[in-house]
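I have placed the structure first, in the form of C-alpha cells, so that the comments after it can refer back to it.
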Number of protein chains: 2
Amino acid sequence: MLIVQKYGGTSVGNVERIEAVAKRVIESKQEGHDLVVVVSAMSGETNKLLEYAAHFSTTPNHREVDMLLSSGERVTSALLAIALEAEGYAAVSMSGRRAGIVTDAVHTKARIEYIDTTLMKKELKEGKIVVVAGFQGVTENGEVSTLGRGGSDLSAVAIAGALEADLCEIYTDVDGVYTTDPRIEPKAKKLDKISYDEMLELASLGAKVLQSRSVEMAKKLNVNLVTRSSFNKHEGTLITKEDKIMEQPLVSGIALDKNQARVTLRGVTDKPGIAAEIFKKLADCNVNVDMIIQNVGHDGTTNLGFTVPQNELEMTKAAMSELRASDVMEYDSDIVKVSVVGVGMKSHSGVACKAFDTMAKEGINIEMISTSEIKISMVIQAKYGELAVRALHSAYQLDK
Amino acid sequence: MLIVQKYGGTSVGNVERIEAVAKRVIESKQEGHDLVVVVSAMSGETNKLLEYAAHFSTTPNHREVDMLLSSGERVTSALLAIALEAEGYAAVSMSGRRAGIVTDAVHTKARIEYIDTTLMKKELKEGKIVVVAGFQGVTENGEVSTLGRGGSDLSAVAIAGALEADLCEIYTDVDGVYTTDPRIEPKAKKLDKISYDEMLELASLGAKVLQSRSVEMAKKLNVNLVTRSSFNKHEGTLITKEDKIMEQPLVSGIALDKNQARVTLRGVTDKPGIAAEIFKKLADCNVNVDMIIQNVGHDGTTNLGFTVPQNELEMTKAAMSELRASDVMEYDSDIVKVSVVGVGMKSHSGVACKAFDTMAKEGINIEMISTSEIKISMVIQAKYGELAVRALHSAYQLDK
C-alpha cells in the first residue's frame, strides 16, 4: 500500500519523540508499504516565531510571516529524515515547494491549487521514505506560503489525494473520534468508522480531532482518512465514504459547542428584505453566523434568532447598532449548542423526537432548534450542556 | 550608492538586536542608499539544530543537514523584514533560492556558481530593502545547499559582486582589522585601509575578522569590503585593491597563529621524490600543510620541515607511520607562528632583517622561516608568542 502519514507538533515535540516517530514509520515500511510522511513544526516552535514577529508588529506582512513560519516544518522534516537514515532507511526531506504543493497567493491561509507529484513519485520509486514539511506550499510566482490552522493535515490529505494513496493516517495525541467528549461522558466509545459528512458535522461542532477543511478535502478527493494516536498502537477511526460503512448506526455522536452566543430580534416587521439586510451586514463584518431560526409570526411581526461565535458577539452588537437594530435585540452568551449527528437519521423517523423527549425528561428547555439531514442541533442554557450530552449519549445507546 | 550589508549571528542574536540592526539599516536608507542586507542565523540557533541532528547520527546526510540549517537564516531574514516594515520601510526577505544564489551540489560546503540577480534588482528598483538569508543557496537541481563556515560573509560578497555594489559592509562585534590582536598588544591600532592580499595573509594567519574565502572572492570580484562593528558607529576597515591605498605602509600588521604544530624529518636522503611522496600522502589524508622548509643538506641528506594544524597532528602521525617515516620524524606542537604582513615590503629591503634582529634582541630563537612577497613568517617556541608580537609591533612602529 501507499500510505501518507501525518505527525502533529506534539508527536514531534522533541528529539526523543521524533525518534519514536521514526520507529513507527519504519514499522510501516517493514510491513511493505510505500510511505510519505508529513510533519508539523515541533510543538511550541510556531508560537515562538510568532512571538518574535509580534515584538516588531501586531500586523506583520503576511508574506514575511509565511517565510518565518515555514522554517519550523523544514527543521522537523530534515530531522526525521536524518533519524530514518540513522536507522538504515533511505529517506529524503522535502519542503512544500519540493513536494510540488502549489497554492494561491493568500499568504498565511493559502489554498492548495494543485500538487506536482513528479519528485515525490521519483523518490518513492527509488524506495525512499519521503518526508514532507507540512503546512506549507509555494505560490505560482515562487514565494513560500502557509496553509493556516490545521495546515499540516491539509498537506497530508492533499498529497494522499494527488498520489492516490490507499490511506492517509493522521497521528495526534488522541485515539480517534469518539461518540462524544470522554471528559464529559466517560462511557464515550471510540468509533471504528465514520462517514465524511458525520465527521464534518462533528468537526465543525467542536470535536477537535480534525479540522473541517481537511475532512472536506478528504471527501472531495476520496481519501480514506484514519485518525489515531502516535503514543499507542490502538486502531484509530476510519473516516470514509458513507457507502463503505456497512452497519449504519442511527446516531454516531453527540457534540457540544460552548463557543456560541444567541442573538434574538423580536417583533420584526414580517416583510421581505429584513433578514437579508441583517445578514449582509454581518457578512460584511466577517461575523460567522451559525444557526438561523425564523418563526412564522402573527400580527405581521416575527421573531428572528441566530447564533454567532462568542468572540464575535461584540462585533455583532456593533454591526446591529449601525443598523439601529441593537435596541430591539436580545443577546445571550450563556448558552451552548448540543448536536446529535448521524447519517442513519436520514432514513429513520423518530430520531429528533427522541432528542426532544430526552431534554424534556431532564427538564431542560430548548431555546432554538435547527436540523439538517444528518444532524439535530439544540441551543440550551449553558449550565445544562454536560447533562444534555450525557443524557443524549445514553438515550441513543452510544455507550453500548 | 548600492550597499550590501551583512550582519552576523551576534548582531541578530535576539529581537532587541534585530531591532537595532533595523535602525542601522534605516539610517543607511535615509542617507539615500539602495540596500541589500544579508543576515546570519540568530547566534546559537545553528548549534542547537546541529545538536538535534547529532542526537540521531554522528554522520547525518549532508543534504538533510543543509535543509535543517538553512532554516535559521530564513527566520532572521523574515524577522528583519518585519522589523523594517514596522518602521515604515518597504522590505522583502529572500531565501538563498529567491536571491538567485546557485551553488554546486557539495552539500554543507557548497561553492557559489552564479547569482541570478533578476529578482533582487526588481525589488531594489521598487525601492524595497532586500533582506537575504545568508549562508545558503540552491543547487542546479533545486535542493537547498549551505556554504560552510563564514558562509554569510560569502553570500554578501558574492551578491555585492553580482550586483556591482559600491560597497559591501560586514558588520561583526569588532571595529575592524587591527595591526595586531589588541588582547596581546593594547597599543594595536585599527587600520583604515588594507589590501586584499594583506587581509588574506592576516585572515589565514589567525585574524578572526574575515575568513579567507570571503576576502579571496572580494578580490576576485573587485568588491570594496568594509568590516565594522554593529555595536558602535566607528568607521571600520576598508579592504580594497592595493592601488586604491595611497600611502602604502611598509608593514600593516603582525599576526599570531597558535594552532600550528611543527613536523621535522631529519636526514632524508636528498633525492627526487621524497618530498613529493610525503606531501601526496598528507594531501590524501586531507592534512593542510602550511609552511614547508627544506634546507640544502650535506652528506647527501637533508632536513625537511613543515607545519600542520594542531588538530591534524595525530592524522599526520598516522599518515607518516603508513609511510614508515614516523620513526625519524620529530613532532612539536609547542610552537607558534608569528607573521609580519605588509604589501610595502615588496619594494623595500630590510624588512625581514628587522624582524630577525628584533627576535634576536629579545633572545627568541627562530626555528623556521618562510617568506612571501608580502609576509615573513617565523616559527618560534610557544611561550615567546606574545612577546614576539609586541616586540615586532613596536619595531615596525605600528603603534605610531
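Heavy atoms only: backbone and side chains are in, while hydrogens, waters and symmetry mates are out. Within every chain, numbering begins at 1; the chains are lettered A, B, ... in the order of the sequence lines, protein sequences first and strands thereafter.
- Using a 4.5 Å cut-off between heavy atoms, B:Ser95 touches chain A through backbone and side chain atoms alike.
- Annotation: maximal heavy-atom pairing with chain A below 4.5 Å, among B:Arg63, B:Glu143, B:Glu64, B:Glu85, occurs at B:Glu64.
- Put simply, the side chain of B:Ile112 reaches to within 4.5 Å of the side chain of B:Leu147, judged on heavy atoms.
- By the 4.5 Å heavy-atom criterion applied to side chains, A:Asp34 and A:Met1 are not counted as neighbours.
- Note on A:Leu69, A:Val144, A:Asn14, A:Asn61: by heavy-atom pairs under 4.5 Å with chain B, the leading option is A:Asn61.
- Here the side chains of B:Val132 and B:Ile159 are in contact, with some heavy-atom distance below 4.5 Å.
- Look at B:Lys48 and B:Glu51 and you find no salt bridge, because none of the NZ, NE, NH1 or NH2 atoms lies under 4.0 Å from a carboxylate O.
- Residue B:Val92 touches chain A through both its backbone and its side chain, counting heavy-atom pairs closer than 4.5 Å.
- Not a single donor-acceptor pair under 3.5 Å links the side chain of A:Arg228 to the backbone N or O of A:Glu169.
- Ion pairing of A:Glu27 with A:Lys23 is absent here, as no side-chain N (NZ or NE/NH1/NH2) approaches a carboxylate O to less than 4.0 Å.
- Highest contact tally toward chain B, considering only A:Val15, A:Val65, A:Leu68, is held by A:Val15 [criterion: heavy-atom pairs under 4.5 Å].
- Chain A forms more heavy-atom pairs under 4.5 Å with one residue of B:Ala86, B:Pro60, B:Ser93, B:Ser57 than with any other, namely B:Ser93.
- For B:Arg98, the part lying under 4.5 angstrom from a heavy atom of chain A is the side chain only.
- Each of A:Ala91, A:Ala133, A:Ala81, A:Ala78 has some count of heavy-atom pairs under 4.5 Å with chain B, and the biggest count is that of A:Ala78.
- Donor-acceptor pairing under 3.5 Å is recorded for the side chains of A:Ser145 and A:Thr103.
- Using a 4.5 Å cut-off between heavy atoms, B:Ala22 makes no contact with chain A at all.
- Considering only heavy-atom pairs separated by less than 4.5 Å from chain A, the leading option among B:Thr76, B:Leu79, B:Val75 is B:Leu79.
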